[in-house]
Amino acid sequence: MVYDTLVAPFADFEFMRRALAAAAALALGAAPIGVFLMLRGMSLVGDAMAHAILPGAAVGFLLSGRNLFAMTVGGLVAGFAVAILAG
């Protein structure tokens, strides 16, 4: 019963293994940044930056389709612009 629920999906399906790896990478990357922002009393800044980066990634997607580099550059440009204008 426990094996069927917790282990079998990851053993049987490749997309589940990729989703688990992506979730683990996201958790390992986002946790230190979140702790740093919380300790400095800037927790809402992280939320604002996340909302600022999304339109930049969307513009990158609209300009070049599913090009990860273009979406990353768009998000970085939008994030830096918001950070500079907010500071």
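Not measured: the values here are computed from a predicted model.
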Considering only Ile, Leu, Val, Met, Phe, Trp and Tyr, and joining two whenever side-chain heavy atoms are under 4.5 Å apart, list the other residues clustered with [X].
{"X": "Val7", "value": "Val2, Tyr3, Leu6"}
{"X": "Val35", "value": "Leu39"}
{"X": "Phe10", "value": "Phe13, Phe15, Met16, Leu20"}

ask   = Is Met49 linked to Leu54 within one hydrophobic cluster, defined over Ile, Leu, Val, Met, Phe, Trp and Tyr using a side-chain heavy-atom separation of less than 4.5 Å?
value =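 No; Leu54 is not reachable from Met49 via cluster members.
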Can you list, pair by pair, the side-chain donor-acceptor contacts under 3.5 Å of residues 65-83, counting residues two or more places apart and other chains?
from: Asn67; atom 1: OD1; to: Phe69; atom 2: N; distance (Å): 3.2
from: Thr72; atom 1: OG1; to: Leu68; atom 2: O; distance (Å): 2.8

key: Selection residues 17-42 - residue pairs positive for ring-ring contact (aromatic ring centres under 6.0 Å, His included), sequence neighbours left out   =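 Applying ring-ring contact (aromatic ring centres under 6.0 Å, His included) to every pair that reaches into residues 17-42, excluding sequence neighbours, yields nothing.
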query = If you look only at pairs with a residue in residues 8-26, which of them pass as a side chain to side chain donor-acceptor pair (under 3.5 Å), with sequence neighbours excluded?
reply =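 Listed by first then second residue: Glu14-Arg17.
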